[in-house]
A.B. asks: 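One structure, pasted below without further comment.
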Amino acid sequence: MTALLTRNETLVAVVIVLFCIVATISDPNFFTVTTLSDLLRASIVLGILAIGAMLVLISGGIDVSFTAIAVSAMYITTTTALALWPEMPWYFIFSLSILIGAGLGAINGVFIAGFGLPTLIVTLGTLSVFRGFLLTFVGSERISALPPDMRNFSRMMIARGTTEGGDFYALPWALAALAFVIVLTAILLHKTMLGRSIFAIGGSVESARRIGINVRRTQFFVYVYVGALAGLAGILHGSMGRMADPFSLVGLELSVIAAVVLGGARLIGGYGTITGTLLGVALIVLVQNSLIVIGIPSTWQSVTIGALILLGTGLPAYQAKRAAARAG
Amino acid sequence: MTEPHTGALVEMTGVTKRYSGVTALDEVDFTVAAGEAVCLAGENGSGKSTLIKILSGVEQATAGEIRIGGQAMTHLNPRTATAAGVMVIFQDFSLFPNLSVAENIAFASELSEHKRFFNRGHARSVARAVLDRIGVDIPLGARLETLPVAHKQLVAICRALACAARLIIMDEPTTALTGREVSRLLDIIRLLKTQGVAVIFVSHKLAEVLEVSEKVVVLRNGKKVAEGPAETFDTASLTKHMTGREVHDAAPGPFAGSAETLLEVKDLDKPGSFSDVSFALRRGEVLGITGLLGSGRTSLAKALFGLVAPDSGSITIDGTSVPLGDPIAAAEARIGYVPEDRLTEGLFLTQSILRNVAVGRLKDHERGGFLDHRSLVAEASDWLQRLKVKTPSITAPVQSLSGGNQQRVALARWMARAPQVLILNGPSVGVDVGSKADIHDIIRDLGARGLGVIVISDDLPELLATCHRILVMKGGRMVEEIAAGTVTEDDLSHKLAS
């Protein structure tokens with residue numbers, strides 16, 4: 001029972017529920033299907049990025065370059081499609097962006113798994129390089145005349161309509177992409193030896209090596225996978241926003257990592273759950289979109305997120321420290 | 001592979017290993033039979049680690065032949081060694097703190113079967129089967145990090161068994177265990193032997209594993225210097241073979257001096273750790289404090305240096321009272337404390353030896369706001385020399401030193417501060433026999449120089465070799481005071497346990 005109470009997941013879930021209660025009290029219109037579908041849509045890109053970031057944290061590394069990968073993959077895909085084949089169907093566009101993302105992730109992988117360099121330093125470097133390369137050599141203009149099928153994809157809905165109460169709602173197919181990523185990553189992490197090896201490396205690299213886990217190959221895979229997820233998130237972002245903006249996304253990486261850490265992943269590696277990560281994302285999206293509803297001006301957004309991180313990660317850490325002090 | 005084989009399980013003949021001109025192993029013959037336990041003894045640098053590395057395939061021998069189960073192993077590497085059933089349990093166990101017990105046990109065997117998919121149920125049944133085999137019950141779903149050290153070690157043994165181990169090599173298996181845990185480990189080893197599993201102990205603390213071993217092999221400077229049935233060895237003869245000299249640990253008699261009281265502890269009390277602790281320490285006296293794990297000896301040691309705040313009582317030095325629970329005040333009152341766990345509490349392992357010694361002395365080498373580096377270095381080097389720290393360079397990181405030399409660096413740091421009272425908690429934990437005797441010499445010498453020394457230890461021979469007086473703690477209380485020379489080791493261990 002205490003184990004459940006001290007988990008980050010529980011804490012974050014409680015905060016989310018409290019937030020919703022306060023929001024509903026101050027604005028009865030908050031708790032509607034419309035708000036829910038808005039929030040879900042806003043969680044898609046952040047959610048996919050967060051799952052990638054979580055995988056890296058579990059493996060004992062940290063990646064700050066994934067937003068640059070996402071925006072590069074999206075923008076390069078868009079310009080390529082416009083130049084070569086404007087009528088390119090959406091699934092080709094998506095595949096291309098995922099491939100570019102995986103390729104850029106492989107560059108991280110080469111430095112980290114191949115040369116054994118520290119993950120933060122490598123990804124700080126590639127964050128700058130990827131973004132600089134994009135703006136200098138590919139382009140720095142916002143493109144709103146997207147390939148038609150990219151726009152069409154964002155209009156494809158799983159369900160849309162109006163409730164009897166008159167609330168409008170829409171669930172885009174992009175949501176299915178998030179669901180797909182969740183299922184795929186869950187299977188990877190819990191049902192394959194590769195996934196278990198990622199946990200093992202995060203727990204102890206030396207031990208992993210000693211029992212015969214191929215540490216380099218596992219690490220390389222992690223960065224390629226994260227790159228591919230970033231490519232997917234990037235193209236979804238462009239498609240749903242109906243604009244290819246080379247200045248977007250970069251800067252979000254710390255919010256994403258914050259969401260993952262809020263959800264219980266530890267920076268030292270070896271720990272992290274998909275449920276926790278999604279709850280962390282939900283909380284951050286809620287704060288970003290609905291802070292105004294509970295009467296806090298949106299200028300306080302980043303302060304609130306910061307406070308939540310301090311509380312959400314500090315409290316369990318403090319409890320663990322006290323427990324250790326009592327035991328020792 | 002399957003043909004019956006009646007010879008030795010492992011047969012190493014004429015194994016030699018040279019590293020760029022240095023001979024680490026010189027024509028060593030080494031055999032282990034199935035179901036046999038062998039003690040491999042030797043000091044640091046004797047070649048025992050090299051032998052183990054060659055046998056487990058981590059390093060290749062320069063010359064010599066290795067046969068496992070009668071089969072010549074020409075290119076032994078970690079994978080083939082594991083496949084042949086040779087498993088090493090390292091001192092740190094090499095487990096995964098974040099994974100469950102079941103997964104820790106089953107991971108390596110699943111990996112060796114080249115599985116792609118992971119089946120939690122299968123991992124649990126593998127783990128359950130091995131735990132049953134050694135008659136141990138550890139919750140399969142528990143996260144490894146929540147287990148006590150002894151259980152972690154059992155998990156490591158189970159992991160080796162899950163990989164069909166025929167030979168388990170254990171590196172320093174008893175260092176982190178309490179007396180009861182050691183005897184439980186030995187029971188399990190006996191059980192494994194009846195199942196035909198061979199065991200090699202690599203250890204400094206050999207006395208503990210001697211009783212379950214059939215054979216002892218001693219290495220020194222890369223050569224095998226002794227081999228024989230375990231019952232023909234005892235601690236003294238082992239030490240002699242390992243060091244190549246008679247290590248005389250001359251016990252001091254009762255304290256003869258009439259020096260004045262230096263440190264006085266009165267009614268020190270901390271509920272849950274210790275209560276009503278009072279004793280006095282005279283100048284030049286070496287006082288031992290002992291007790292089983294959980295007797296309060298470590299909390300008391302920390303309390304004397306202010307690392308643990310007692311609820312009541314007093315500590316005075318030369319009649320001046322020292323504030324409780326304040327390590328800085330304790331250091332200013334010239335109390336020094338060398339902790340038990342050098343690695344996490346005492347030394348900055350990645351920093352240079354020089355810096356480790358100098359760190360407590362920066363203030364005293366300040367000249368007009370700047371650091372007088374030259375005098376700092378001179379002082380530090382002087383102490384390193386006096387304590388005979390063996391190192392090619394004082395700018396090398398402390399982690400490059402052996403355990404004994406690390407302990408000397410920790411001592412040098414305190415000696416440079418000219419303490420009046422020095423508290424040594426487990427001064428020779430993880431130190432090999434030769435260095436241990438040297439450290440004991442140093443401790444006796446500190447007393448002779450007029451310091452008050454408190455040695456806190458559960459290593460009874462160590463206490464008998466260094467202390468004028470020994471206080472026994474039990475359940476947080478001082479229960480007995482023993483003068484040197486009045487008890488034997490057996491008496492003392494009896495007093496501890498009763």
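So you know, we letter chains A, B, ... as the sequences are listed, proteins then strands, and number each from 1. Keep in mind it's a predicted model, so treat the numbers as computed, not measured.
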A.B. asks: Tell me whether A:R217 forms a cation-pi arrangement with A:F220, defined as NZ or CZ under 6.0 Å from the six-membered ring centre and within 45 degrees of its axis.
C.D. replies: no

A.B. asks: What part of B:P97 lies closer than 4.5 angstrom to a heavy atom of chain A: side chain, backbone, both or neither?
C.D. replies: both

A.B. asks: Are the side chains of A:I112 and A:L117 in contact, using a 4.5 Å heavy-atom criterion?
C.D. replies: no

A.B. asks: Pick from B:M87, B:R143, B:R159: which one has the most heavy-atom pairs with chain A under 4.5 Å?
C.D. replies: B:R143

A.B. asks: Among B:E110, B:E103, B:K115, single out the residue with the greatest number of heavy-atom pairs under 4.5 Å to chain A.
C.D. replies: B:E103

A.B. asks: So for A:I213, is it side chain, backbone, both, or neither that comes closer than 4.5 Å to the heavy atoms of chain B?
C.D. replies: both

A.B. asks: Under 4.5 Å from any heavy atom of chain B, what part of A:R209 do you find: side chain, backbone, both or neither?
C.D. replies: neither

A.B. asks: Under 4.5 Å heavy-atom distance to chain A, tell me which part of B:F118 shows up: side chain, backbone, both or neither.
C.D. replies: both

A.B. asks: Name the option with the most non-hydrogen atom pairs under 4.5 Å to chain A; the candidates are B:V58, B:L111, B:T82.
C.D. replies: B:L111

A.B. asks: Tell me whether the count of non-hydrogen atoms from other residues, nucleotides or ligands lying under 6.0 Å of CZ in B:F90 goes above 12.
C.D. replies: yes

A.B. asks: Can you confirm whether A:V226 sits close enough to A:N108 that some side-chain heavy atom of one is under 4.5 Å from a side-chain heavy atom of the other?
C.D. replies: no

A.B. asks: Quick one: what part of B:L99 sits under 4.5 Å from any heavy atom of chain A, side chain, backbone, both or neither?
C.D. replies: side chain

A.B. asks: Are A:R210 and B:D92 within salt-bridge range, i.e. N to O under 4.0 Å?
C.D. replies: yes

A.B. asks: What is the distance from atom CE of B:M170 to atom CD1 of B:I52, rounded to the nearest 0.5 Å?
C.D. replies: 12.5 Å

